[in-house]
Protein chains: 4
Amino acid sequence: MNQLHILRIQCPDQSGLIAAITGVIAAHQLNIVVMKEFVEPVSNTFFARFEISGDLDIEQISGKLQESLPPGTQVQLHTERKKDIVILVTREQHCLSDLLVRHFFGELHANIKAVIGNYDQLASFTKKFDIPFVHISHERLDKEVFEAKIIAALEEFQPEYIVLAKFMRILSPAFVEQYRHRIINIHHSFLPAFVGAHPYRQAYERGVKLIGATAHFVTNDLDEGPIITQKVINVDHEYSVTGMVQAGHEVEKAVLAEALKLLLEDRVFVTRNRTVVFD
Amino acid sequence: MNQLHILRIQCPDQSGLIAAITGVIAAHQLNIVVMKEFVEPVSNTFFARFEISGDLDIEQISGKLQESLPPGTQVQLHTERKKDIVILVTREQHCLSDLLVRHFFGELHANIKAVIGNYDQLASFTKKFDIPFVHISHERLDKEVFEAKIIAALEEFQPEYIVLAKFMRILSPAFVEQYRHRIINIHHSFLPAFVGAHPYRQAYERGVKLIGATAHFVTNDLDEGPIITQKVINVDHEYSVTGMVQAGHEVEKAVLAEALKLLLEDRVFVTRNRTVVFD
Amino acid sequence: MNQLHILRIQCPDQSGLIAAITGVIAAHQLNIVVMKEFVEPVSNTFFARFEISGDLDIEQISGKLQESLPPGTQVQLHTERKKDIVILVTREQHCLSDLLVRHFFGELHANIKAVIGNYDQLASFTKKFDIPFVHISHERLDKEVFEAKIIAALEEFQPEYIVLAKFMRILSPAFVEQYRHRIINIHHSFLPAFVGAHPYRQAYERGVKLIGATAHFVTNDLDEGPIITQKVINVDHEYSVTGMVQAGHEVEKAVLAEALKLLLEDRVFVTRNRTVVFD
Amino acid sequence: MNQLHILRIQCPDQSGLIAAITGVIAAHQLNIVVMKEFVEPVSNTFFARFEISGDLDIEQISGKLQESLPPGTQVQLHTERKKDIVILVTREQHCLSDLLVRHFFGELHANIKAVIGNYDQLASFTKKFDIPFVHISHERLDKEVFEAKIIAALEEFQPEYIVLAKFMRILSPAFVEQYRHRIINIHHSFLPAFVGAHPYRQAYERGVKLIGATAHFVTNDLDEGPIITQKVINVDHEYSVTGMVQAGHEVEKAVLAEALKLLLEDRVFVTRNRTVVFD
């Protein structure tokens, strides 16, 4: 059976792009398993994702594509593989445990290299699954020092993506910049409603009839990064804040798992402050 | 077949309330068809709604209930009937036409006494259904004068509820106060996200993956009144603003129809800035 | 502004198809606005739908595509336009009124040429919208004679699609064959649950917690045709059969409207007993 | 803080029931935290569930209630507590792991006494959480002998409820009868669609646009027991059978967790072949 390769293209839109790309693919006797494309109208940018099967020389095909496409085109081509990730947590377990169980049974398209927690409550659970848990407390530390310690730990594990699975500290712009579009966060509200702390308390006070969760890339603006996935569930007047928090946990873990799957399968592009998701 | 009566109770919570209420009902050989109750914990307020069948003297039963319950209790008891409403519109047809069609086929639990529009685009459609259409333009009028004209028209039709079915003018505090908890509005976003004008444009720019609509009571704070019903639908990167508007219309009319049904069946209570909805 | 053209391709899958198609498009300086493709793995069939802008000679491009693609390829190319439809009804109004209102306000991508009813209850409503209503009673008629009358009426209006908007008579194989994949029906259950008559009664008896509706192409096997769209809503023990019917109406009209939109925009292909829907 | 007590009543409907029940409660200075009631119209049966706070003598109050209510009334009154359960599995992990993780973090309102598997694949995972895993292979055993072994194991653990978390063996009527309305199963389809084996394969072949899962009580009729909870998710032509299975797992575990929560909180009544669920 042939290996599957993922090709991602991003370039200024113009006529003939698909013909050019698929011409290169056809000329090398490769087979397109799936293709999805989209032209973002505001920036006039073309995005495409292909799954290709067949024997190929990655450098050669990438080079041919680059030649055939406009200057400034971003061509990404790689053979499908699991990506390395590190998960950051604080004290809540529901998103972490969901990811660890999927990983344990081979159902997460990633290698979890480590879990880093600013508290140690989740250490013993993590270790059940033979995943290293690194405890880096933020207490009595300057933010800068705290983040330097996290960065040092991350450098050891070299993750391609960092997953904030209910990590309740705000990361500095310097940190975020270092992992641009490589950090995803689960926010416990239907953004942009209820930015910041205590969204369920805010939701309760406002008397909303739906609560939700949002998985998004982390940028320098708190809770303002490009959104990947959102889901909501119904609530009614009988829900207390605690009831909303419990019900919300179910949505949070579902949304994070879904967004991470999309990301790990190379289905997500970022344009302006929005995502293009080829699901 | 017996007539159905709706009993609504609101009072400070204390032990024995349900026993007291149902004691009165049982003592008069009345039958409880459905009962729902809720204690709002912040204000410690008891809310209940009963559907009762059997022959009864409304004043007598109301009096007995008032005697048996704490001072300050609000007792509302009436025989089930269609309520009179007036609908206010601007130019968009989807919510209005939905209500007119339901009304025409006897499926709206209300009598639509009139439609008032600040434009006349929807006049001919309204008249197809033999409902009076009153055109009151806001152009070249002070808000006060404009609203005085609307109030004069409303006084003629004496509606129990006013439905803002995509009425795009902001009502003054004086107007709102006159119809406290009797005006409902459909807002074209999942409040509190995207308050104010152009919510779909805002939603597009923010790159959300769900859009929604909210039916709420109108209060003096724009888009801040107690929420009755909310719904969302999925969108993705392929939706333009126009596409969101079109898809949003489907949700708006569904949400308004559902909220209005709840209101017309006396299922909605307001407490603080929240609703208790016995659906 | 350029006109939009819809190109649909269906052929046995092989390498190089997209390159061949997009090569023809590019060679004629046409622009691909949107493209979607899918390979059905059981029959190994390639399906694609393109929206193309630019000046083109339909016959010329169709010919070039046919030449460049494998024998047996189905090429459909036409300039975007509203399609002619006829709606068949019995006595229930909710799907019909929904379509008539959309049509009246220019929001249905179709011309409703006529409504045919085996009862005349919906005649006066239909005529409000200046659409011909043809009453063809099935009473005291052989099925064959009844259908011959409908076919005669249809021949007058020459619809491209026939919409069964709660038409409660079963059509004969001969009738269905004449309009193969051109008749769509709304069935009032989540197929394949509750095939046949009285699905809400069946749903009530079974005690389901969701009820739904299904829009599908009509084939010779009752309620067995390819499914286009399905939706469900929550119900609980408080729903009577009548309550389910009422709630179900909301889903039925939403599902039919959505399926019809997909069909009218040429987004639906049929393969085996399944649909490929490029939404 | 007062303990919470759960009172459940089931009896033939007649006037004055709520007055009688709440009269007893009020007479003992107990407080009703929540009450829900329902009259099932076909059998004319009254169902109610109360959460009561205050000091009470269970036997005394039960006796008083029994006296005040019609002959044949079922009164269940107990102080809120975690229930003992045993989980039966085959080889699929997703439902089991979900329950084990919730249990580990104290979020399942139950004590998992043991997991019984007819394969041993899930043994090591179960033991991570210090829960006994009993391997009882069905291979080379008569059904009767196989079930006798399971019953022997169950007798050791004395569960109040048995959870079939993807247990792929059909239980005999004798077994089922022994645990009447105490066995719940997760079926991997939206029942009554796709009864029996391979529902995702059936769903794929039928080309449905939604797939679902159903949690229900086990009765002697395969997949025909009273339904507690159902959910669906959207699928489209791009889903293979395997893709449906994977997506379905997410729904299955969510549905089972929700149904089990309702059951463990004493919110579920069975009447005829339907459930009354006070959620």
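In the text below, chain A, chain B and the rest are named by the order of the sequence lines, each starting its count at 1.
- More than 12 heavy atoms of other shown residues, nucleotides or ligands fall within 6.0 angstrom of atom CZ in B:R169.
- Counting heavy-atom pairs closer than 4.5 Å to chain B, the top residue among A:R272, A:H216, A:E224 is A:E224.
- Here the side chains of A:F38 and B:D236 are not in contact, with every heavy-atom distance at 4.5 Å or above.
- Counted within 6.0 Å of NZ on A:K261, heavy atoms from surrounding residues, nucleotides or ligands total 12 or fewer; the atom is thus considered open.
- Residue with the most contacts toward chain B among A:T271, A:V195, A:V232, A:V277: A:V277 (heavy-atom pairs, distance under 4.5 Å).
- If you take CZ on A:F190 and NZ on B:K209, they are separated by 11.5 Å, rounding to the nearest 0.5 Å.
- In terms of heavy-atom proximity, B:R274 sits nearest to A:E205 at CG-O, 4.0 Å.
- Between chain A and the residues B:G212, B:P41, B:P226, B:G207, the largest count of heavy-atom pairs under 4.5 Å involves B:G207.
- The heavy-atom pair separating A:R206 from B:G225 by the smallest distance is NH2-O, 3.0 Å.
- In terms of heavy-atom proximity, B:T275 sits nearest to A:H237 at O-CB, 3.5 Å.
- The shortest heavy-atom contact between A:L191 and B:V208 is O-CG1, 3.8 Å.
- B:Q202 does not touch chain A: none of its heavy atoms, backbone or side chain, sits under 4.5 Å away.
- Counting non-hydrogen atoms of neighbouring residues, nucleotides and ligands closer than 6.0 angstrom, the NE2 atom of B:H198 reaches no more than 12 such neighbours.
- Surrounding CD1 of B:I170 are at most 12 heavy atoms belonging to other residues, nucleotides or ligands under 6.0 Å away.
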